[in-house]
Visitor: 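Structure provided below as structure tokens; questions to follow.
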Amino acid sequence: MLVVKTTERGGGMEEYLHLVKKSPLFYGINDDELYTLLKCCAAEQIAYEDSEYIFRMGESVNKVMILLRGRAQVMQENFWGRQELIYHIKEGELFGESYSCARTPVLPVSVITEGACEVLFLNYQRMITFCSLACEFHTRFIHNMLRLVSEHNVKLENKLEHVCRKTTREKLLSYLSEQAVARGGRDFDIPHNRQELAEYLCVDRSAMSSELSKMRNEGILDFQKNHFVLHDRYDGGRREGA
């Protein structure tokens, strides 16, 4: 791990400014305001090598990270030391805002790099504390963060609705039904490839692929890669009359 560059204008942050600006955390904030805000939040840019811990399970979290470059994985480890992948963090995405906001005393997961990464950390207390200028853009920033925390909680509730189903078929149908409703029709693309979908639904990829093929043969749905079409006539995941 290496602390690199500065967040002052003209420093190394220029290279990653476009990624920072893409984060919904900074919607409605221009470049000048962004530099002021990063300084106000005690922003720190750190480089990591492959397989390094960004956060360790069991520690407390009081900062929010934005992944500037690379890819990281959120892992959970049980009592016997077995690790399980929960999800990936991609460039421009955040981690730690919900745990910091909730003041979670013990982090239930670890964040580990996949290859070289660069991360921007923001001090959470500084994020939610107004400076003496009480800048208008800081207010927008806090509103953005509250919206992100709320959206994250909604996504977790949706995922729980799917993964609590008993079978792989039921999990798939629950997820695909939600996607169809969200996109307003039976014909839609999902944001996951097969491996990502299996990880999201907490199922075995081979078993999931087999179940998808069975449902296509039964006339429940059609698919091509991440494009799906749902059909009308099924009863609990089985064709009527089957």
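Side chains included, hydrogens not; waters and symmetry mates left out as well; all remaining heavy atoms used.
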Visitor: Report the residues that fulfil side-chain hydrogen bond (donor to acceptor under 3.5 Å, both in side chains) with Asp204, sequence neighbours left out, ordered by chain and then residue number.
Guide: none
Visitor: Can you tell me which residue pairs pass the side-chain hydrogen bond (donor to acceptor under 3.5 Å, both in side chains) test with a partner in residues 105-115, sequence neighbours excluded?
Guide: Arg71-Glu114, His88-Glu114
Visitor: Can you confirm whether Glu84 is buried at CD, in the sense that more than 12 heavy atoms of other residues, nucleotides or ligands lie under 6.0 Å from that atom?
Guide: no
Visitor: Just jot down the side-chain hydrogen bond (donor to acceptor under 3.5 Å, both in side chains) partners of Gln73, sequence neighbours excluded, or say none.
Guide: none
Visitor: Tell me whether Arg140 forms a cation-pi arrangement with Tyr27, defined as NZ or CZ under 6.0 Å from the six-membered ring centre and within 45 degrees of its axis.
Guide: no
Visitor: Is there a path of hydrophobic side-chain contacts, each under 4.5 Å between heavy atoms, that joins Val229 and Ile190?
Guide: no
Visitor: Quick check: is Phe188 connected to Leu221 through a chain of hydrophobic side chains (ILVMFWY, heavy atoms under 4.5 Å apart)?
Guide: yes
Visitor: Suppose the criterion is salt bridge (Lys or Arg N to Asp or Glu O under 4.0 Å): which pairs have a residue in residues 57-69, not counting sequence neighbours?
Guide: Arg69-Glu118
Visitor: List the residues meeting salt bridge (Lys or Arg N to Asp or Glu O under 4.0 Å) with Lys225, not counting sequence neighbours, and say none if there are none.
Guide: none
Visitor: Which residue pairs satisfy the ring-ring contact (aromatic ring centres under 6.0 Å, His included) criterion with at least one member in residues 147-170, sequence neighbours excluded?
Guide: His162-Tyr175
Visitor: Tell me, please, which residues at least two apart from Glu91 pass salt bridge (Lys or Arg N to Asp or Glu O under 4.0 Å).
Guide: none
Visitor: With sequence neighbours left out, what residues match Glu77 under side-chain hydrogen bond (donor to acceptor under 3.5 Å, both in side chains)?
Guide: Gln83
Visitor: Taking only residues two or more places apart in sequence or in another chain, which ones pass ring-ring contact (aromatic ring centres under 6.0 Å, His included) with Phe95?
Guide: Phe55, Tyr99
Visitor: Does the distance from a Lys or Arg side-chain N to an Asp or Glu carboxylate O, for Lys90 and Glu196, drop under 4.0 Å?
Guide: yes
Visitor: Could you list the residues that satisfy salt bridge (Lys or Arg N to Asp or Glu O under 4.0 Å) with Arg186, not counting sequence neighbours?
Guide: Asp232
Visitor: Please say whether more than 12 non-hydrogen atoms of neighbouring residues, nucleotides or ligands are located less than 6.0 Å from CD in Gln224.
Guide: no
Visitor: List the residues meeting side-chain contact (heavy atoms from CB on, under 4.5 Å) with Glu157, not counting sequence neighbours, and say none if there are none.
Guide: none
Visitor: When you look at Thr167 and Glu170, which way does the side-chain contact (heavy atoms from CB on, under 4.5 Å) test go after all the steps?
Guide: CA-CA 5 Å; Thr167 67; Glu170 289 172 344; 3.1 Å; yes
Visitor: Can a donor-acceptor pair be found, under 3.5 Å and without considering hydrogens, that links the side chain of Ser210 to the backbone of Ser206?
Guide: no
Visitor: How would you list, by chain and number, every residue that makes a salt bridge (Lys or Arg N to Asp or Glu O under 4.0 Å) with Glu151, sequence neighbours excluded?
Guide: Arg147
Visitor: Under a 4.5 Å side-chain heavy-atom rule over Ile, Leu, Val, Met, Phe, Trp and Tyr, are Met57 and Ile89 clustered together?
Guide: no
Visitor: Should Phe121 and Cys41 count as side-chain neighbours, where that means a heavy-atom distance under 4.5 Å?
Guide: no
